[in-house]
Amino acid sequence: MKTYRQLFAIREFRVLFLVQCINIGSYAVASLALGTITFAATGSPVLTALAMFGAPLMRIVGQTLFGSGSDLVRPRTALVLVFTTTMVTDLLQALPGLAWGWRFALLAVGPLITSALGGSMMALVSDILPPDGFILGRATMNIAVGGMQIVGYGVGGLLLISFTTTQLFLGAAAALFVAVLLLRLGLSDHPPRHAGASLVRRTREVNRALLGSRVVRPLYLTMWVPNGLIVGCEALFVPFAGERAGYLFAVTAAGMLLGDVVVGRFLAVAVRDRLIGPLRLLLAVPYLAFFLVPSLPYAASLAFVASVGYSASLPLQERLVSHTDGQARGQVFGLQGTGLMVGQALGALLGGAVASALGVGPTAAAYAMGAMAVASVVVSITLTPGLRRSRPGAEVLETAPAAAVARVGPRR
């Protein structure tokens, strides 16, 4: 499978792509609304970063206890539950005058459910596409993320001029209601990938096998930590650019979209695998220029170029698929998504803390972004030796957690 025509000829993939577009667009609008409320009320970079990026910290709890839900629950049921939960929390966030304690409690609910069931989407993509179509499908789903972040943050920024944050939350909830209908009516009722196992026990054993693997663990860490530190830079866009932060969010999404199109559609497997190292560095190096406190146009250009580096996740996920067991695919992607979101949340909090320590205002935010970029470069270089164990043709002692998966239930 080499063309988008072939990819979108698959009806269920079209449904998942459209649902992902709606999901990311509504999330961007709701996140911008909450970040705006928080910064206006507190003036705190840390609390703003926590409001926009901190909720996924709750995914640690769900992934640790219930991560196998993505393999044990029917995919359509799992996805409907995830999107319905987010829709309800957006409706509750729309309540005027809601206390801050309740707002942050609501932020935790969606990620908790997503950590248990959210891996169902990418596992379903891997099921409905032929093996040679997975990376193109994954890249296309990433394009949905990048494209709708542009639309979501751009439209959200414009809507904030004329509408209240309450109205933005209501609009996000309405969009998610459409997504739930599409999932219910557009997807077949696929059976669970696994059955007959204890949810908690299977989650624990598969997580242990994945994170204990000398081959798989470096892949996860490479997708989680350097990216999370750069999201720490993005979490400072509001303190750095104020009302114009939406433009920075939009250009970073555009850069990510460009990288995914080029790497996922036009590069051969061997070429994109060799580009893992350069792309990981590209993600961080442009932010080093923020030590010079660039003007908004230069800052936007730097952020755009850097975000192309996010496409390194595509060949890394290709390696992840080749080194893990198909029965645990939902949990494999659930753990990957949880670690990614947690890394981003921690990076955002760290970025906010560094900016707060340096002072108040755009200059402090810019210096903090430069510091986060230095950390990302150092981590990427440190993880390079571990990645060599998963590269094509490398000799490894073990590759997949098949033994752990086999112990916790029958094959499907």
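Quick caveat, the model's predicted, so the values are computed rather than measured.
Listed here is the closest heavy atom pair of P294 and F240: O-CZ, 3.4 Å. The minimum heavy-atom distance between S26 and L176, with the atom names listed, is OG-CD2, 3.4 Å. L258 and F304 get closest at one heavy-atom pair: CD2-CZ, 3.8 Å. Shown here for G110 and T85, the closest heavy-atom pair between the two residues is CA-CG2, 4.2 Å. Of all heavy-atom pairs spanning P286 and V305, the tightest one is CG-CG1, 4.2 Å. Minimum heavy-atom separation, L296 to A241: CD1-CB, 4.1 Å.
Within 6.0 Å of the CZ atom in R74, the count of heavy atoms belonging to other residues, nucleotides or ligands exceeds 12. Taking a 6.0 Å sphere around CZ of F177, one finds it holds 12 or fewer heavy atoms contributed by other residues, nucleotides or ligands. Around the CZ atom of F291, the shell of radius 6.0 Å holds more than 12 heavy atoms that belong to other residues, nucleotides or ligands.
Put simply, CZ on R208 and OG1 on T203 are 11.5 Å apart, with the number rounded to the nearest 0.5 Å. Distance OG1/T166 to CG/L91: 11.5 Å, rounded to 0.5 Å. With values rounded to the nearest 0.5 angstrom, L358 atom CG is found 10.5 Å from T363 atom OG1. Between atom CG of residue L181 and atom CZ of residue F83 there is a gap of 12.5 Å, rounded to the nearest 0.5 Å. Taking CG of L350 as the reference point, atom CG of L346 lies at 8.5 Å (rounded to 0.5 Å). In this structure, CG in L168 is found 8.5 Å from CZ in F163, a value given to the nearest 0.5 Å.
A heavy-atom distance below 4.5 Å is found between the side chains of M223 and Q317. For the pair L275/L267, a side-chain contact is recorded, criterion being any heavy-atom separation below 4.5 Å from C-beta on. Residues I276 and P315 have side chains in contact (heavy-atom distance under 4.5 Å, counting atoms from C-beta outward). For the pair F169 and T89, the minimum side-chain heavy-atom distance is 4.5 Å or more. Side chains of L316 and T222 form a contact here, defined as non-hydrogen atoms less than 4.5 Å apart. Side-chain contact between V19 and V178 is absent, with no heavy atoms from C-beta onward closer than 4.5 Å. The closest side-chain heavy-atom distance from Y310 to I230 is below 4.5 Å. The closest side-chain heavy-atom distance from V206 to L210 is below 4.5 Å.
Using a distance-only test at 3.5 Å, with no hydrogens or angles considered, no donor-acceptor pair links the side chain of R389 to the main chain of V215. Checked by atom type and distance alone, the side chain of Q93 pairs as donor or acceptor with a backbone atom of R103 at under 3.5 Å. Judged purely by atom type and a 3.5 angstrom limit, T140 uses its side chain to pair as donor or acceptor with the backbone of L136. In this structure, T77 contributes its side chain and V73 its backbone to no donor-acceptor pair below 3.5 Å. Side chain of S307 to main chain of M256: no donor-acceptor pair is present (N/O by atom type, distance under 3.5 Å, no hydrogens or angles).
Taking the six-membered ring where the residue is Trp, W224 and Y220 present parallel rings, their angle staying beneath 30° rather than reaching 60°.
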Check step by step if side chain to side chain contact (heavy atoms under 4.5 Å, CB included) holds for F13 and M141.
CA-CA 9 Å; F13 182 83; M141 296 297 279; 4.0 Å; yes
Take R14 and L18 through the side chain to side chain contact (heavy atoms under 4.5 Å, CB included) test and state the conclusion after the steps.
CA-CA 6 Å; R14 294 198 303 269; L18 183 56; over 6 Å; no
Take F237 and T252 through the side chain to side chain contact (heavy atoms under 4.5 Å, CB included) test and state the conclusion after the steps.
CA-CA 11 Å; F237 284 169; T252 56; 3.7 Å; yes
Between S188 and R76, is a side chain to side chain contact (heavy atoms under 4.5 Å, CB included) present by the stated rule, with each step listed?
CA-CA 7 Å; S188 301; R76 187 177 69 183; over 6 Å; no
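Applying side-chain contact (heavy atoms from CB on, under 4.5 Å) to L187 and the options I128, L79, L182, V80 leaves one that passes, L79. For the side-chain contact (heavy atoms from CB on, under 4.5 Å) criterion with L283, the lone passing option out of N227, V308, L229, V377 is N227.
Side-chain contact annotation: S376 with R280, donor-acceptor N/O pair under 3.5 Å absent.
Under 4.0 Å is where a charged nitrogen must lie from a carboxylate oxygen, and between D273 and R319 at least one such pair does.
Taking the six-membered ring for Trp and the full ring otherwise, the centers of Y367 and F290 sit at least 6.0 Å from each other.
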